[in-house]
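Notes follow once the structure below has been shown.
What you are looking at is a predicted structure, and each value in this text was computed from that prediction instead of being measured. In what follows, chains carry the letters A, B, and so on, assigned in the order in which the sequence lines appear, proteins first and then strands, with residues in each chain numbered from 1. Scope of the values below: all heavy atoms of this structure, side chains included, with no hydrogens, waters or symmetry mates.
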There are 2 protein chains.
Amino acid sequence: MAALAGAPRRSTPGRGEVRLWLRLLTCTTTIEAEIRRRLRREFGVTLPRFDVMAALDRAPDGLTLSEVSKRMMVSNGNLTGLVERLVASGHVNRRPSPTDRRAQVISLTETGRSDFRVMAAAHEGWIAAMLADLPDPRIAELTDLLGRAKSSARKVATDD
Amino acid sequence: MAALAGAPRRSTPGRGEVRLWLRLLTCTTTIEAEIRRRLRREFGVTLPRFDVMAALDRAPDGLTLSEVSKRMMVSNGNLTGLVERLVASGHVNRRPSPTDRRAQVISLTETGRSDFRVMAAAHEGWIAAMLADLPDPRIAELTDLLGRAKSSARKVATDD
DNA sequence: AGCCGATGTTTGAAGCTTAAAGTAAAGCCG
DNA sequence: CGGCTTTACTTTAAGCTTCAAACATCGGCT
């Protein structure tokens, strides 16, 4: 969370951007914490597991671990353990990739898929409720602006 | 989710909100990952520690653990360990609260403050660079919209 | 064929994070 | 005062997360 560092200088360049960043962060954190809490309380599931299942739900033929980790923007090492637990709980199954002996393809089990559908519906409702104060045009506007912010950030983040 | 049989409503209610949420999330994650990476690489510091220091930098008289955990929106238990490590590394010191024997007041050490100032300046520059494509009016607009989103979310998140 | 840099995955260490349970002190109220 | 609720903090267990290092395989190149 973050930091508004200091010195009460007047128009430091970058000030407005930092302010925006802090707001972005608290906004995300607030929503995310609530979703995490409800997923746990109502379905006994953690957010990261939900996220894996969400990625798989959109890919009926399964995905490799790398593909999932790219979509979720988490490290590969992270995914190893996550998937291990999802396999153990019967929500996901893994099989070796037919075309690449290094890779594994994972997909939702029957149970996994039907559990996910129930959770996803609730999830959608929670989001809608939390953003209920924003009329549709604002939603669209915000979505657009965030898209620009994202691609601006990505430019810098990728070149290293 | 949805798209069952029947009356094609304008669009699934809640859809646009979910789309917005996902974009908010990837936007935040992208920026946050980059900041985390740079803090580690250039200063050997983790983001949570930076955040604690940022909170303390703005409070010259120190803060109790609870106050910090409220600002950072993390659990109290989390902060216990975080502060422990910051004390160990000489960035923060703790003393008992003069008015409440349960509480501890923590504040930046000299080292902590001067280290933080250096990092904060770099941090501000990174943020500004990542958001460089957004002209000032867009920044303001986005900040405003996020404020609305936040308070909308907070309404739902707090009542439970 | 054989090398070699890139890719897919796992492992390990360190640290972050939460929820839940526990201890201690404060504050209220009859 | 004595009892009750709240608040401050710590502890524990489980899980998440990253980075870095280790492997195995792949694909291109010579």
Side-chain angles (χ1 to χ4, degrees), chain A residues 1-2 28-30 32-53 62-89 91-92 94-106 160, chain B residues 28-30 32-53 62-89 91-92 94-106 160:
Chain A
M1 201 108 324
T28 300
T29 303
T30 301
E32 186 174 339
E34 184 66 13
I35 291 177
R36 172 174 274 123
R37 206 168 60 83
R38 293 194 188 192
L39 280 175
R40 166 182 286 274
R41 212 190 33 180
E42 311 209 351
F43 301 111
V45 122
T46 64
L47 182 52
R49 284 183 209 190
F50 178 82
D51 289 340
V52 173
M53 292 169 79
L63 295 170
T64 65
L65 293 195
S66 288
E67 286 167 337
V68 176
S69 84
K70 223 162 276 165
R71 281 166 214 230
M72 287 178 61
M73 299 200 270
V74 300
S75 66
N76 275 342
N78 190 348
L79 219 61
T80 295
L82 217 35
V83 167
E84 198 171 282
R85 288 183 284 271
L86 278 165
V87 169
S89 69
H91 292 93
V92 162
R94 27 180 3 156
R95 56 181 193 282
S97 161
T99 64
D100 186 336
R101 261 185 307 172
R102 292 166 304 175
Q104 312 221 12
V105 178
I106 62 174
D160 185 33
Chain B
T28 301
T29 303
T30 300
E32 186 175 339
E34 185 65 14
I35 293 177
R36 172 174 275 124
R37 205 169 62 82
R38 293 193 188 190
L39 280 175
R40 166 182 288 274
R41 211 190 32 179
E42 312 208 350
F43 302 111
V45 117
T46 64
L47 181 52
R49 284 183 208 190
F50 177 82
D51 290 340
V52 173
M53 292 169 80
L63 295 170
T64 65
L65 294 195
S66 290
E67 285 167 338
V68 176
S69 83
K70 223 162 277 165
R71 282 167 213 229
M72 287 179 60
M73 300 200 269
V74 301
S75 67
N76 274 343
N78 191 349
L79 218 61
T80 295
L82 218 35
V83 167
E84 199 171 281
R85 287 183 284 270
L86 279 166
V87 168
S89 68
H91 292 92
V92 161
R94 22 177 10 154
R95 56 181 193 281
S97 161
T99 64
D100 185 336
R101 261 186 306 171
R102 294 167 303 177
Q104 313 219 12
V105 177
I106 63 175
D160 185 31

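Smallest separation of non-hydrogen atoms from B:S75 and B:S69: O-CB, 4.2 Å. Across all non-hydrogen atoms, the minimal contact from A:S66 to A:N76 is CA-OD1, 4.0 Å.
A:L39 places none of its side-chain heavy atoms less than 4.5 Å from the side chain of A:E42. A 4.5 Å side-chain heavy-atom check between A:V52 and A:L79 finds at least one atom pair inside the cut-off.
Residues passing the side chain to side chain contact (heavy atoms under 4.5 Å, CB included) test with B:Q104 are B:R94, sequence neighbours excluded. With sequence neighbours excluded, the residues satisfying side-chain hydrogen bond (donor to acceptor under 3.5 Å, both in side chains) with A:S89 are A:H91. Taking the side chain to side chain contact (heavy atoms under 4.5 Å, CB included) definition, one finds that A:R101 meets it with nothing, sequence neighbours left out. Under the rule for a side chain to side chain contact (heavy atoms under 4.5 Å, CB included), the partners of B:S97 that lie at least two apart in sequence or sit in another chain are B:T99, B:D100, B:A103, B:V105.
Across C:dG15, D:dA24, C:dT18, the shortest atom-to-atom separation from the side chain of B:T46 is found for C:dG15. Listed nucleotides: C:dT9, D:dT7, C:dG8. Nearest to the side chain of B:R102: D:dT7.
Considering only side-chain N and O atoms, B:R49 lies under 4.0 angstrom from the phosphate OP1 or OP2 of C:dC16. In this model, the phosphate group of D:dA20 is not approached by any side-chain N or O of B:R37 to a distance below 4.0 Å at OP1 or OP2.
Rounded to an integer number of Å, the gap from B:R94 CZ to D:dC9 P is 9 Å. Between A:E32 atom CD and C:dT17 atom P the separation is 11 Å, expressed in whole Å. Rounded to whole Å, the distance from CZ on A:R36 to C1' on D:dA14 is 14 Å. One atom, CZ of A:R101, and another, C1' of D:dG27, lie 14 Å apart when rounded to the nearest Å. Atom-to-atom, CG of B:N76 to P of C:dA24 comes out at 18 Å; the value is rounded to the nearest Å. For the pair B:L39 CG and C:dC16 P, the computed distance is 12 Å after rounding to whole Å. Residue B:R38 contributes atom CZ, which lies 18 Å from atom C1' of D:dT18 at whole-angstrom precision. Atoms CG (B:D100) and P (D:dT7) sit 12 Å apart, rounded to a whole Å.
Ion pairing between B:R71 and B:E67 fails under the 4.0 Å rule for side-chain N and carboxylate O.
The 5' end of DNA chain D is approached more closely, in terms of each residue's nearest nucleotide, by B:Q104 than by the other of B:Q104 and B:R40.
A heavy-atom distance below 4.0 Å to DNA chain C is reached by these residues of residues 78-86 of chain A, ordered by number: A:T80. Taking a 4.0 Å limit (strictly below) on heavy-atom distances, residues 62-70 of chain B reaches DNA chain D at B:T64, B:L65, B:S66.
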